[in-house]
Amino acid sequence: AIVAATGGARSGYLPFLLTLGLCMVILLPGHVMAALASGAAGIVAGASFLAAGGTPTADILRWAGTGVALAGLAVYGTHVGGIILRRELDRAREAAEASNALALSEKRRASVERLALVGRLAAGVAHEVNNPLGYVKANLSYVRSELAAPEQADRGEIDSALGEAAIGVDRIGRIVADLRGFAREDGDEPCGTSVPGALADALRLASVRTKGIRIEVDAREDLARGRICRKRLVQVLLNLLVNAADAIAEARRGAGERWISVRAREDQDGVAVRVEDSGRGIPPEALPRLFDPFFTTKPAGAGTGLGLALSHEYVHAVGGRILASNGKRGAVFEVWIPRQASAPGCTSCSRAEPAAPSPRSAAAS
């Protein structure tokens, strides 16, 4: 239409009819028929305009020959472009699949370590469940015997026994809920975490392994939020607490020297948590490799060698740091988490969280 409106055979736009096929190389790579149809249409249209304008037959044939050559080039270019495009798509798909496989592998690796940590707590969990279960059964047996002779039953004693049984059931339920919540996958991770709240979770989970160990906790409830998801921080702190309990058990020291100290402090840029124990400390030759994957100082079968490696990975991923050293008595681990900046529209950070432990020194209950 443009060629016809601007003079037909005398139009300056006439030569562009021969480039229609070449345009398909860019617009529709891989569509050979589109290039062939566009090239043929340009040849026919141009020849028609030339014939209508009285152009000699030899010139029309030269036009058509040029058009056939350009159409052939367009068909070839479109074919090659399709091959290149498919290869690029295949490479992109392979890269995406590899990335997804790596992400799944990392997720499974974290899950394995988390479940292994739960497994290390299993013996203590059985003991923790058996204690309340024992007095639940004893109290229910007492109530049953009392109700066998209702005229002699003491209503106050029955109420008291049922109340103690309810407390025992609540204790069992809390242990199970804590372990289930820690072990399961959680896709709704908060964008910031209360460090004292995460510490409270870790201390509660670790309590099944810290029997007879004095736990000294100093953490204010109003500390700044850390820029790390809650479950990962709980896993880091729980790993440090369980390792400390294991080190104390291996040291075989007296009851008066069995302690773990946890201190949380806030600085200008973040929150630091210091975990110190009265165990045997870290062998000097192990310190440089302590955060290497699969490196462990525990006996064979007692550890995966991933706990500290994952802790290091989680903390460094948010711009924090974790350091290990030996104190006056045992090992000292210092975890620093950067402060969480306020994020507009972030609602998950404002979810209710458990209260932080009181700043006091007490025996693990």
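Please read these numbers as outputs of a predicted model, since none were measured by experiment. Just so you know, these numbers use all the heavy atoms, side chains as well, and skip hydrogens, waters and symmetry mates.
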With a 4.5 Å heavy-atom cut-off, do V335 and V275 have their side chains touching? no
Flag the pair M24 / H31 as yes when at least one side-chain heavy-atom distance between them is below 4.5 Å, and no otherwise. no
Is the shortest distance from a Lys or Arg side-chain nitrogen in E94 or R91 to a carboxylate oxygen in the other one below 4.0 Å? no
If hydrophobic clusters are built from ILVMFWY residues whose side chains come within less than 4.5 Å, do V332 and V217 share one? no
D277 side, atom CG; N243 side, atom CG - distance, nearest 0.5 Å: 9.0 Å
Can you give me the closest heavy-atom contact between L17 and F49, atom names plus distance? CD1-CD1, 4.2 Å
Which heavy atom of T55 sits nearest to which heavy atom of A9, and what is that distance? OG1-CB, 4.5 Å
Following the transitive rule for hydrophobic clusters with a side-chain heavy-atom cut-off under 4.5 Å over Ile, Leu, Val, Met, Phe, Trp and Tyr, establish whether L290 and L237 coincide in one cluster. yes
Which residues, ordered by chain and number, are linked to L85 in its hydrophobic cluster, where ILVMFWY side chains connect at heavy-atom gaps below 4.5 Å, directly or through other members? L89
Lys/Arg-Asp/Glu bridge criterion (N-O < 4.0 Å) met for R204, D201: yes
So, S278 side chain and W259 main chain: donor-acceptor pair closer than 3.5 Å or not? yes
Would you say L28 and T78 make side-chain contact, with heavy atoms under 4.5 Å? no
Show your reasoning for whether side chain to side chain contact (heavy atoms under 4.5 Å, CB included) applies to V273 and I337. CA-CA 8 Å; V273 180; I337 303 296; over 6 Å; no
Please confirm whether the backbone N or O of G8 pairs with a side-chain atom of S11, one donor and one acceptor, at under 3.5 Å? no
Is it the case that over 12 heavy atoms from other parts of the model lie below 6.0 angstrom from the CZ atom of R10? no
Measure up the H316 and H312 rings against each other and bin them: parallel (under 30°), tilted (30 to 60°), perpendicular (over 60°). parallel
In the single-linkage hydrophobic clustering (I, L, V, M, F, W, Y; side-chain heavy atoms under 4.5 Å), do V68 and Y76 co-cluster? no
Please test D90 against R93 for side chain to side chain contact (heavy atoms under 4.5 Å, CB included), starting from the C-alpha separation and ending with a verdict. CA-CA 5 Å; D90 288 342; R93 183 166 52 251; 2.3 Å; yes
Go through the steps for L14 and L50 under the test side chain to side chain contact (heavy atoms under 4.5 Å, CB included), then give the verdict. CA-CA 9 Å; L14 183 66; L50 291 174; 3.6 Å; yes
Minimum-distance pair of heavy atoms, taken over all atoms of I322 and S311: CD1-CB, 4.3 Å
Has Q340 got a side-chain atom pairing as donor or acceptor with R225's backbone, closer than 3.5 angstrom? no
Can W336 be reached from V271 by stepping across I, L, V, M, F, W or Y side chains whose heavy atoms are under 4.5 Å apart? no
Answer yes or no: is there a donor N or O on one side and an acceptor on the other, between the side chain of R230 and the main chain of G197, under 3.5 Å? yes
Between A324 and L287, which heavy-atom pair has the shortest distance, and what is it? O-CD2, 3.9 Å
Please determine whether salt bridge (Lys or Arg N to Asp or Glu O under 4.0 Å) holds for the pair R339 and E266, giving the CA-CA distance in whole Å, both sets of side-chain angles, and the decisive distance to 0.1 Å. CA-CA 9 Å; R339 183 191 299 268; E266 182 179 346; 3.1 Å; yes
Would you check if the side chain of D218 reaches a backbone N or O of R263 as a donor-acceptor pair within less than 3.5 Å? no
Can you find a pair of side-chain heavy atoms, one from F16 and one from I2, that are under 4.5 Å apart? no
Side chain proximity check, V44 to S48, heavy atoms < 4.5 angstrom: yes
Compare every heavy atom of L233 with every heavy atom of A198, then report the nearest pair and how far apart it is. CB-CD2, 3.7 Å
Rounded to the nearest 0.5 Å, what separates atom OG in S325 from atom CD in E276? 8.0 Å
Please go through M33's hydrophobic cluster and name the other residues, only I, L, V, M, F, W, Y counting, with side-chain heavy atoms under 4.5 Å joining them. V32, L36, V75
Is there a path of hydrophobic side-chain contacts, each under 4.5 Å between heavy atoms, that joins V318 and L199? yes
Measure across N326 and A331 and return the closest heavy-atom pair with its distance rounded to 0.1 Å. OD1-CA, 4.1 Å
Ionic contact status for E334 with R321, cut-off 4.0 Å: no
Heavy atoms, side chains only, cut-off 4.5 Å: are R232 and Q235 in contact? no
Inter-residue atom distance D246.CG - L241.CG, 0.5 Å rounding: 11.0 Å
Supply the atom-to-atom distance L308 CG to L240 CG, rounded to the nearest 0.5 angstrom. 6.5 Å
Could you tell me the separation between the CD atom of E221 and the OG atom of S194, rounded to the nearest 0.5 Å? 8.5 Å
Got L140 and L162 here, is their nearest side-chain heavy-atom distance under 4.5 Å? yes
Can you find a heavy atom in the side chain of I248 that is under 4.5 Å from one in the side chain of T210? no
Look up atom CG in L18 and atom CG in L70, then write down how far apart they are to the nearest 0.5 Å. 6.0 Å
Hey, is the main chain of A34 close enough, under 3.5 Å, to the side chain of S38 for a donor-acceptor pair? yes
